[in-house]
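This report concerns only the one structure given below.
Small disclaimer: the values here were computed from a predicted structure and weren't measured. Convention: sequence-line order gives letters A, B, ...; per-chain numbering from 1.
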Amino acid sequence: MPMEKTFNAAEAEARISKLWIDQKVGRAGANAVPGAEAFSIMIPPPNVTGSLHMGHAFNNTLQDILIRWHRMQGHDTLWQVGTDHAGIATQMVVERELARDKSNATRREMGREAFLSKVWEWKEQSGGTIINQLKRLGASCDWDREAFTMSGNFPDAVVKVFVDMYNKGLIYRGKRLVNWDPHFETAISDLEVENIEVKGHMWHFKYILAGGETYEYLEKDAEGQVTLREKRNYISIATTRPETMLGDGAVAVHPSDARYAPIVGKMVHLPLCDRQIPIITDEYPDPTFGSGAVKITGAHDFNDYQVAKRANLPMYRLMDTRGFMRADGAPYEVAVARAREIAAGSPTNENEVDSLNLVPEKYRGLDRFEARKLVVADINAAGLAVTTLVRTVDEETNSEALHLEPVVEAKPIMQPFGDRSKVVIEPMLTDQWFVDTAKIVGLALDAVRNGDTVIMPQSGERTYFHWLENIEPWCISRQLWWGHQIPVWYGLNLDVDSFTDDEGDDALDEVEILNILGDGGYVEREARSHCAADSAAVAEFFRDDLAPLPHPLNAARVVEVVDRHAAVALLAQSLADYNLSQDPTHLTYPIWRDPDVLDTWFSSGLWPIGTLGWPDNTPELQKYFPTSTLITGADIIFFWVARMMMMQLAVVNDVPFKTVYLHGLVRDAKGKKMSKSLGNVIDPLDIINEFGADALRFANAAMASLGGTLKMDTQRIAGYRNFGTKLWNACRFAEMNGVWEGYATAATPPTASATANVWIIGETAKALAEVNEALKTFRFDTAADALYKFVWGKVCDWYVEFAKPLFDGEQAQETRATMAWVLDQSMILLHPIMPFITEELWSTTGTREKLLVHTNWPTYGLDLVTPEADREMAFVTTLIDEIRSARAQVHVPVGLKIDLVAMSLSAESRAAWDRNESLIRRLARIETFAEGPAPKGSITLALEGATFAIPLAGLIDIAEEKARLQKTMDKLAKEIGGLKGRLNNPAFAASAPEEVVDEARANLDAREDEAAKLRAALSRLAEIG
RNA sequence: GGGCGGUUAGCUCAGCGGUAGAGCACUACGUUGACAUCGUAGUGGCCACUGGUUCGAUCCCAGUACCGCCCA
């Protein structure tokens, strides 16, 4: 059955994709020769909730190109595929799904266990979407090894790493100011916060000095002239977040700020609150900004937090997990009384400070933005706003009036938003788990500095260094349910420090038991904690804690309960039972697990070893780790690349990958970020449906120059679809000429005698060398460009045309063999970039031992290039180009055959002519050929080593031909001028390398030779008219 | 404010010491033994600006302007 005119991508891709998957062409080690070197790539695991976007398509195309290239070379390849559980994103999706049906219970109503089983259910149903989309793209992963960060050995690996790092002191728990997402009610890391400029306001408040004090406030201009002098009883502060003033711990001014020097150390009344705070100095306030005085709210601002720590100020938390003003704890009067005691020096601790709710009653329970409005209104009402005189005119009476209005500046402010929730992030003082990154960052920096891991483009290394050198502790706990739960358990601290053994039986008596349970007793103490892989292992630690305690506590059974509340209840129950029964065997010691889960990036940070079976020393781990190359977006260099480096080095003391290839974000044709709101999202599946996966892949490869932005243009994709069609039709032409009959795959080219055949074999070798070199250096664009130029520009534009007359001559047989081989090589070389169309052509042409995906990558070298053939073909193609160009310029109709006269021919040109006459005649549309002088009314063509004339008496417009020649002369003159200028400069000959000088000289000779021929032609024209 | 990068044909980008290339778009012509998802010929550029280094700079260095991205 003859081939169709075009490749039917929609039909063929599905069929070929199934074939590859059924035959497991991408399984680890497929097509590897014995003892082959390993080549491995870890896919950046897409979110299990996700679907394929252009970024994925781009990223995975590049990975697949490398994998296919190495696999065809017989290397032992692994492309590890899988998905990420994506804590927040997945929890969000499942909650949203549940909310669609009002009859469903909410997450909180159904509880942790039931919710998690819903998430798993959802994952089973829709988690495979993106994997199937990768298959449509043609990705040749090892599908049987598909991993998931919540399945298989991954949970164990994550827990083991946590425990190890905990034991090494690399993970700690602490109360820190973290980014709090009030929507998801969890901490998030710095990287999950997007700072966006929004319209905001700056309010100015007066904090009145305590004790009726006043001071002289002076403002000076740059020359030191006093511009303002007034007696003040207040200090003016500016804020964009008025509601936080309720938690202020101080007002800070810069130590060099002379305006406030008289009042540093004095107290001010905190408006709306019944307490006083000090005026302190700190380097943080900028004296030139606003009033130069800053209110310090340590629990709700990152800068203030640092100031508060330096000045040892209490940090009062004002909000709850949803971002509402606190409504818990003691009444305001009680809390504020205690705060005053603390301010006066009463000893306290972090936990007590955190437990004090200093939100006055009227603001309690309000949303933070509601509270803001109310605080502003109340301050205005109290006359504590900084005001300005405003003149108004009454329209009816036309009378002017002056009155004071609060100063509120409208100004853009940077506001933090959650990258998932899109709500305003609240800095919040909470207990969280941290990785002490400062302790593990060193190895990660060194590995890149000493080249164990190479990041490209190199600018990526600079970014990497800059971030790691300034790294902050990594907050790894999330108050979510979907994720790896932190392997830390807590138990009540029952250490009995005042035990008196009245009975001499070394056992607790009833009074002592009551002490344990009683108000303010042991159960109120801070809990003990232990970290271990599971509850059985952790129970050992708690038994060790219990061992030194008096009977019967030392014999208590350790049991796990849900939380501290349940633990206290169970312990009480248990002790009460004991008191009656005196049977210690029933005594239980309850422990509970930390409810938080780990940041998703903590587990994906272990992706390279986790997917290879670690902590078991599997054969895959030995073979494929460290992995060869990581291809990922530059936007996740911090999230993921740097963390994988730190984690792998900390855990297995080896780099996770040898090369990191970073690429930019895929944008639309205009360079805009693709976003749903802009409506400029291009769905790669739509592109595949319209143009085929190969066209998309080729476009991706061609765009992949190092460092640039990636602008996706469907017109360009269409162009590469056309490129596929071009190759298709070259093969179809071959088929129509019987080229494939009896042809079987051959590693080496056929012996050829016709110059065109010899030449194209050499061009094929050049293309191979270029593709190899380009892919070796990750220049996918160069590889694509070289293939495009070879297949279209050499094979189709010239070779196929040359072959047509050759098919009729004595060299028909070798031409068929050569064409088959060249097209074969084209399929092979293109296969990594365009796998579908090439696999399809492969199966419809010739006799094949293996699928193309497993066909051996060629190894022939540039020795196949024959310089004589190159020169000869250069003469032929130049001559044809010149004739065509001349014909077009003097408007010779395409259909008209012309005569050609050779005025002069060098020996080499004559030989070239003789061997290729039929090609030239055909492609330049020549009727007759003769040697001799130019007939009258000819146009002239000057080539190196030859001059030709085309007699066109009566057909040509003399003036037009003159203009044509003059134009060529002008171009030549410009070149000659430049070359002469250089050669006449003595410094050039003296300083430039010899070959450059020689080349310039030879070039000048050739140009002058051509110019002379053209001058002669012009003078001949002058004779005519 | 800090860091990284960009500025080359109408558009999107390569090139990065020997006076410019591709694809697309555009113009004219065109169905010759594969291909109109095509062919042939063509139009189009003080390589942002100012200095410096060099025999020679789009390319290296410094500065300026403008534009991105990331982090505060």
Margin query: What contact category does A/G978 fall into here, base, sugar-phosphate, or nothing, at under 4.0 angstrom with non-hydrogen atoms?
Written below: base

Note to self: Side chains of A/D824 and A/Y743: any donor to acceptor distance under 3.5 Å?
What the structure shows: yes

Check: Base, sugar-phosphate, or nothing for A/S885, non-hydrogen atoms under 4.0 angstrom?
Finding: sugar-phosphate

Notebook entry, point to check: For A/D808, which contact category applies under a 4.0 Å heavy-atom criterion: base, sugar-phosphate, or nothing?
Noted result: base

Checklist line | Interatomic distance, A/N470 CG vs B/rG2 P [rounded to whole Å] | finding: 14 Å

Checklist line | Interatomic distance, A/D635 CG vs B/rG68 C1' [rounded to whole Å] | finding: 15 Å

Note to self: Once you apply a heavy-atom cut-off of 4.0 Å, does A/R884 come out as touching a base, just sugar-phosphate, or nothing?
What the structure shows: sugar-phosphate

Margin query: Could you tell me how far B/rC24 sits from B/rU43 if I compare only their C1' atoms? Round to whole Å.
Written below: 15 Å

Item checked: Which nucleotide in B/rG15, B/rU12, B/rA22 has an atom nearest any side-chain atom of A/R779 -> B/rG15

Next item on the list: Give one of base, sugar-phosphate or nothing for A/C731, where a contact means two heavy atoms less than 4.0 Å apart.
Entry: nothing

Check: Counting any heavy atom closer than 4.0 Å, what does A/F638 reach on the DNA or RNA strands: base, sugar-phosphate only, or nothing?
Finding: sugar-phosphate

Note to self: What's the closest nucleotide to the side chain of A/R462 if the choices are B/rC4, B/rC55, B/rC35?
What the structure shows: B/rC4

Checklist line | Distance flag, aromatic centroids of A/F790 and A/Y799, threshold under 6.0 Å | finding: no

Next item on the list: Pick the C1' atom in B/rA62 and in B/rU54, then give their distance to the nearest Å.
Entry: 16 Å

Margin query: Nearest heavy atom decides the nucleotide; on that basis, is A/N729 or A/R721 closer to the 5' end of RNA chain B?
Written below: A/N729

Margin query: Could you tell me the Watson-Crick or G-U partner of B/rC47, where both distances fall under 3.5 Å? Say none if there is no partner.
Written below: none

Next item on the list: Hey, which sits more toward the 5' end of RNA chain B by its nearest nucleotide, A/E975 or A/T6?
Entry: A/E975

Checklist line | Integer angstrom distance from the C1' of B/rA65 to that of B/rA48 | finding: 8 Å

Check: Considering only the C1' atoms, how many Å lie between B/rC16 and B/rG21, rounded to the nearest integer?
Finding: 13 Å

Item checked: Sugar-phosphate only, base, or nothing, as touched by A/R982 at under 4.0 Å among non-hydrogen atoms -> base

Note to self: Let's go through A/W640 and A/T632 carefully: what are the C-alpha distance in whole Å and the side-chain angles of both, what is the deciding distance for side-chain contact (heavy atoms from CB on, under 4.5 Å) to 0.1 Å, and is it a yes or a no?
What the structure shows: CA-CA 9 Å; A/W640 197 45; A/T632 192; 4.0 Å; yes

Notebook entry, point to check: Between A/R921 and A/F929, is NZ or CZ placed under 6.0 angstrom from the six-membered ring centre and within 45° of the ring axis?
Noted result: no

Check: Taking atom types as modelled and ignoring hydrogens, do the side chains of A/R982 and A/N985 form a donor-acceptor contact shorter than 3.5 angstrom?
Finding: no

Next item on the list: Calculate the interatomic distance between A/R887 atom CZ and B/rG30 atom C1'; express it in whole Å.
Entry: 12 Å

Notebook entry, point to check: Under 4.0 angstrom, heavy atoms only, what part of the nucleic acid is A/A992 near: base, sugar-phosphate, or nothing?
Noted result: base

Margin query: Tell me the interatomic distance from A/L879, atom CG, to B/rA41, atom C1', rounded to whole angstroms.
Written below: 16 Å

Check: Could you give the CG-to-C1' distance, from A/L468 to B/rG3, as a whole number of Å?
Finding: 14 Å

Next item on the list: Would you indicate what A/P893 reaches in the nucleic acid, counting non-hydrogen atoms under 4.0 angstrom: base, sugar-phosphate, or nothing?
Entry: nothing

Notebook entry, point to check: Quick one: A/F780 CZ to B/rC13 C1', roughly how many Å, whole number?
Noted result: 18 Å

Checklist line | Opposite nucleotide pairing with B/rU31, Watson-Crick or G-U, both atom distances under 3.5 Å | finding: none

Next item on the list: Identify whether any heavy atom of A/E801 sits under 4.0 Å from a base atom; if not, whether one sits that close to sugar-phosphate; answer base, sugar-phosphate or nothing.
Entry: base

Next item on the list: Between B/rA34 and B/rA25, how far apart are the P atoms? Round to whole Å, please.
Entry: 24 Å

Note to self: Taking only the P atom of each, what is the distance from B/rC71 to B/rG39 in whole angstrom?
What the structure shows: 46 Å

Next item on the list: Compare the minimum distances between each of B/rC55, B/rG18, B/rU40 and the side chain of A/D797, then state the nucleotide with the smallest one.
Entry: B/rU40

Margin query: Of the options B/rC55, B/rU40, B/rA36, whose atoms approach the side-chain atoms of A/K5 most closely?
Written below: B/rA36

Next item on the list: Flag the pair A/R732 and A/E735 as a salt bridge only when some basic side-chain nitrogen lies within less than 4.0 angstrom of an acidic carboxylate oxygen.
Entry: no

Next item on the list: Report the nucleotide, chosen from B/rA34, B/rA22, B/rC24, that has the shortest atom-to-atom distance to any side-chain atom of A/Q715.
Entry: B/rC24

Notebook entry, point to check: Is there a donor in the side chain of A/E840 and an acceptor in the side chain of A/T844, or the other way round, less than 3.5 Å apart?
Noted result: no

Notebook entry, point to check: Between B/rC24, B/rA34, B/rG18, which nucleotide has the shortest distance from any of its atoms to the side chain of A/Y788?
Noted result: B/rC24

Margin query: Side chain of A/R716, heavy atoms from C-beta onward: which of B/rA34, B/rU12, B/rA41 has the nearest atom to it?
Written below: B/rU12

Next item on the list: Tell me which nucleotide among B/rU19, B/rU40, B/rC38 gets nearest to the side chain of A/N722.
Entry: B/rC38

Item checked: Candidates B/rC29, B/rC35, B/rA25 - which lies nearest the side chain of A/V894 -> B/rC29

Item checked: Pairing of A/K980 and A/E1008 as salt bridge, 4.0 angstrom limit -> yes

Note to self: From the set B/rA41, B/rG18, B/rA34, return the single nucleotide nearest to any side-chain atom of A/K726.
What the structure shows: B/rA34

Next item on the list: Mind checking A/D881 for me? I need base, sugar-phosphate or nothing, with any heavy atom below 4.0 Å counting as a touch.
Entry: sugar-phosphate

Check: Could you give the CD-to-C1' distance, from A/Q889 to B/rU27, as a whole number of Å?
Finding: 14 Å

Margin query: Just by distance, no angles: are the side chains of A/D282 and A/H254 close enough, under 3.5 Å, to form a donor-acceptor pair?
Written below: no

Item checked: Presence of A/W792 side-chain N/O under 4.0 Å of B/rA34 phosphate oxygens OP1/OP2 -> no

Note to self: I'd like the C1' distance from B/rA14 over to B/rG23, given in whole Å.
What the structure shows: 10 Å

Checklist line | Rounded C1' spacing from B/rC49 to B/rU8 in Å | finding: 15 Å

